[in-house]
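Okay, so here's the structure we're looking at.
Just so you know, residue 1 is the first one in the sequence shown, and it goes up from there.
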Amino acid sequence: MCQVDEDYQDQLEQHADVSSFSKKCVKCKEETAAVVIRAGDTYCRGCFKEYFIHKFRAMLGKNRIIFPGEKVLLAVSGGPSSCSMLSQVQEGLSQNAHKKLRFLPGIVYIDEGGAVGQSVEERMRTVAELQAVFKATGFPFNIVPLEQVLDLPSSAVMSAPSPSERPASAYKAAVDHFIQSDGSSCVTPQQQEETPLPDVQESHTHSLQQLIGSAKTLTAREDLLNTLRQHLLVHTARAEGYSKLMLGDNCTRLAVKLLTSISLGRGAQLAQDTGFSDSRFGDIILVRPMRDYSAKEIAYYNRLFNVPSVVIPGLDTKTTEKASIQRLTESFVTKLQADFPSTVSTIYRTSEKLQTACKSSSTADHCDRCLLCMCALDTAVEDASAFKATLISEQLSQPKSSGATSAETQRQNQGTPEPAAPTGQCCSSGGGEDCGRATNGGGCCSSAKVPETTDLRSLLCYSCQLTIKDMSSVERLPLYILTEAQRRQRRSQMREEISEFLLDDGDEGD
């Protein structure tokens, strides 16, 4: 039997030394292993680089979404994953690449320092570091402060018409045409444009901080920040003429995002949030080529081949693991991954098999999309559903005040503000007549010129409803969101008024 005072430390150290030095690369069988990705997957330096590069090229070549000559915007946050993605694109466009990439890249960085409370000096220092990284690539780049999200047009939350689907032979034809033109339109370092840094007003920074701070929980603040960032990225891609937006989400991040989305009630949107391509915005397609890489692989590659990255604090920096649902899920997955190395890959492979039962975001009508995340609404379901049961349970659990009526209680539970009295002159030219809407309590159709209180609940998916519910004031949202919400509500009200004159789909053939 084992004795308490027996010492096995020397034997264990000797066994560990022998096993570590005896490992060879599993690919070339000659060089000593420099990287251990998983148990049994050991690579030398050269083979690991080939493996890493091949996985990136295979991901793009297998899906064939990015056509030769297309403009692709790389969303670089400064983190290890997005900087590694930038390095792979730079490697793929180099002259000595075995299989060169054939698209035209550009870079965008969203400066979120104002939202997380960084000083102007800290933000300028971060921007200077990233500028040096971007200039070394030779690609055109844009540095956009998050404050610009406050001045976006309403088209940022509108889905533009998506281009028609191309046949399978169109990709080969595009490749042949690109080869015949010798890729003369590729970006070279001499063609890089110097873009001046935009000025950020202190009032805009203060408004942005008030907007983020209006969310009561860190979970809602992170979700709101992610939504605003996505709107700004898509708007920048449209303004600069790009058709694809490349994100740096890796396998570990997507595994955390999958469990977080389920916890936040975004189960119907998992296919768009974690898939390789996301066409919810129509003309701009989001692409995730790093989704097959784990955070460990990316860290090893950046370390071995000196890929620069910048450490930028976020909203969850220096917070406890129970500060938000996102932070708690990340801690849970990473700790489980340390003891069970197949955790992340299992969650990730499961996400590939999920499909949404809702109408696809690419085919859904504009008014059938969520106002914030732009996914198809998951709230238009039958009464005998889990969503309706959740709403009933939530309504019954609300404490009722003694003086509140049932109508007031229901309005508070639904987040509907009290109707304002119609003001302003009627649009009718008659002296004592009106347009007919004021007598019905709906106000004149010219009341759009008067500031209105907007009920966003009916325009949002279930998850975004929870985010808005955690906000102290909806009026702090950017103007482009509130304007689009009022436009959708007026359009819905107009459709209800003329519904009896519209033909159903079944009546068109009669």
Side-chain angles (χ1 to χ4, degrees), residues 73 75 108 110-112 114-115 142 144-162 198-215 220-242 245 278 280-284 286 361 364-377 415 417 447-461 463-465 467-494:
L73 187 62
V108 61
I110 305 297
D111 180 15
E112 303 174 5
N142 295 275
V144 184
L146 188 62
E147 284 83 352
Q148 289 191 6
V149 78
L150 302 175
D151 299 326
L152 291 184
S154 300
S155 59
V157 286
M158 296 175 62
S159 177
S162 58
D199 296 330
V200 180
Q201 299 181 6
E202 186 177 355
S203 59
H204 285 188
T205 304
H206 183 65
S207 300
L208 178 64
Q209 293 176 350
Q210 286 185 333
L211 169 61
I212 301 298
S214 63
R221 286 196 291 270
E222 291 188 15
D223 196 32
L224 180 61
L225 178 61
N226 180 65
T227 300
L228 297 177
R229 182 195 308 118
Q230 198 171 51
H231 290 174
L232 189 55
L233 285 174
V234 172
H235 173 73
T236 304
R238 286 173 176 167
E240 299 295 331
Y242 292 90
L245 180 62
D278 182 1
R280 72 181 73 178
F281 294 98
D283 58 335
I284 304 296
L286 279 60
S361 296
D365 185 68
H366 174 63
C367 296
D368 293 336
R369 298 172 183 266
C370 176
L371 181 63
L372 294 182
C373 69
M374 293 299 294
C375 287
L377 289 176
S447 60
K449 302 177 183 179
V450 183
E452 301 176 0
T453 55
T454 308
D455 173 26
L456 303 179
R457 195 177 179 100
S458 60
L459 307 176
L460 303 175
C461 64
S463 178
C464 293
Q465 286 182 11
T467 301
I468 295 299
K469 184 180 178 181
D470 282 341
M471 294 183 62
S472 58
S473 176
V474 180
E475 302 301 326
R476 294 190 181 277
L477 287 173
L479 184 61
Y480 72 94
I481 296 179
L482 299 178
T483 303
E484 175 63 15
Q486 294 176 2
R487 192 193 71 84
R488 290 191 186 186
Q489 288 178 336
R490 290 195 297 266
R491 186 178 180 86
S492 177
Q493 184 178 1
M494 183 185 302

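Here the side chain of Arg221 pairs a donor or acceptor atom with the backbone of Ala215 at under 3.5 angstrom.
Taking all atoms of both residues into account, the shortest heavy-atom contact from Pro153 to His235 is CD-CE1, 3.6 Å. Minimum heavy-atom separation, Leu245 to Ala75: CD1-CB, 4.3 Å. Residues Leu460 and Gln465 share a closest heavy-atom pair of O-NE2, 3.2 Å. When all heavy atoms are compared, the tightest approach of Ala115 to Leu225 is CB-CD1, 4.2 Å. Residues Cys370 and Arg488 share a closest heavy-atom pair of C-NH1, 4.1 Å. Shown here for Leu152 and Tyr480, the closest heavy-atom pair between the two residues is O-CB, 3.1 Å.
Rounding to the nearest 0.5 Å places CD1 of Ile212 at 6.5 Å from CG of Leu146. Atom CD in Gln486 sits 12.5 Å away from atom CD1 in Ile481 (nearest 0.5 Å). How far CG of Asn226 is from CD of Glu112: 9.0 Å, rounded to the nearest 0.5 Å. Here CG of Leu482 is found 6.0 Å from CD of Glu475. Values are rounded to the nearest 0.5 Å.
Between Thr467 and Thr227, the closest side-chain pair of non-hydrogen atoms is not below 4.5 Å. For the pair Ile110/Val149, no side-chain contact is recorded, criterion being any heavy-atom separation below 4.5 Å from C-beta on. The shortest distance between side-chain heavy atoms of Leu286 and Gln230 falls below 4.5 Å. The closest side-chain heavy-atom distance from Arg280 to Cys373 is below 4.5 Å. Annotation: side chain of Leu477 is in contact with side chain of Leu224 (closest heavy-atom distance under 4.5 Å). No side-chain heavy atom of Val157 sits under 4.5 Å from any side-chain heavy atom of Leu372. For the pair Pro145/Leu208, no side-chain contact is recorded, criterion being any heavy-atom separation below 4.5 Å from C-beta on. The shortest side-chain heavy-atom distance between Leu211 and Pro478 falls under the 4.5 Å cut-off.
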Exercise for review: Test Val200 against Asp111 for side-chain contact (heavy atoms from CB on, under 4.5 Å), laying out the working first.
Suggested key: CA-CA 11 Å; Val200 180; Asp111 180 15; 5.9 Å; no
Exercise for review: Show the numbers, then the answer: is there a side-chain contact (heavy atoms from CB on, under 4.5 Å) between Ser463 and Asp223?
Suggested key: CA-CA 9 Å; Ser463 178; Asp223 196 32; 4.3 Å; yes
Practice item. Check step by step if side-chain contact (heavy atoms from CB on, under 4.5 Å) holds for Ile284 and Leu233. Key: CA-CA 10 Å; Ile284 304 296; Leu233 285 174; over 6 Å; no
Practice item. Go through the steps to decide whether Asp151 and His204 satisfy the test side-chain contact (heavy atoms from CB on, under 4.5 Å), and finish with yes or no. Key: CA-CA 9 Å; Asp151 299 326; His204 285 188; 3.2 Å; yes
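For Glu202 and His206, the side-chain atoms include no donor-acceptor pair closer than 3.5 Å.
In terms of the side chain to side chain donor-acceptor pair (under 3.5 Å) criterion, residue partners of Arg238 (sequence neighbours excluded) are, by chain and number, Asp283. Legend: residues meeting side chain to side chain donor-acceptor pair (under 3.5 Å) with Thr205, ordered by chain and number and at least two apart, are Glu147.
When Met374, Arg369, Glu484 are each tested for a side-chain contact (heavy atoms from CB on, under 4.5 Å) with Met158, only one passes: Glu484.
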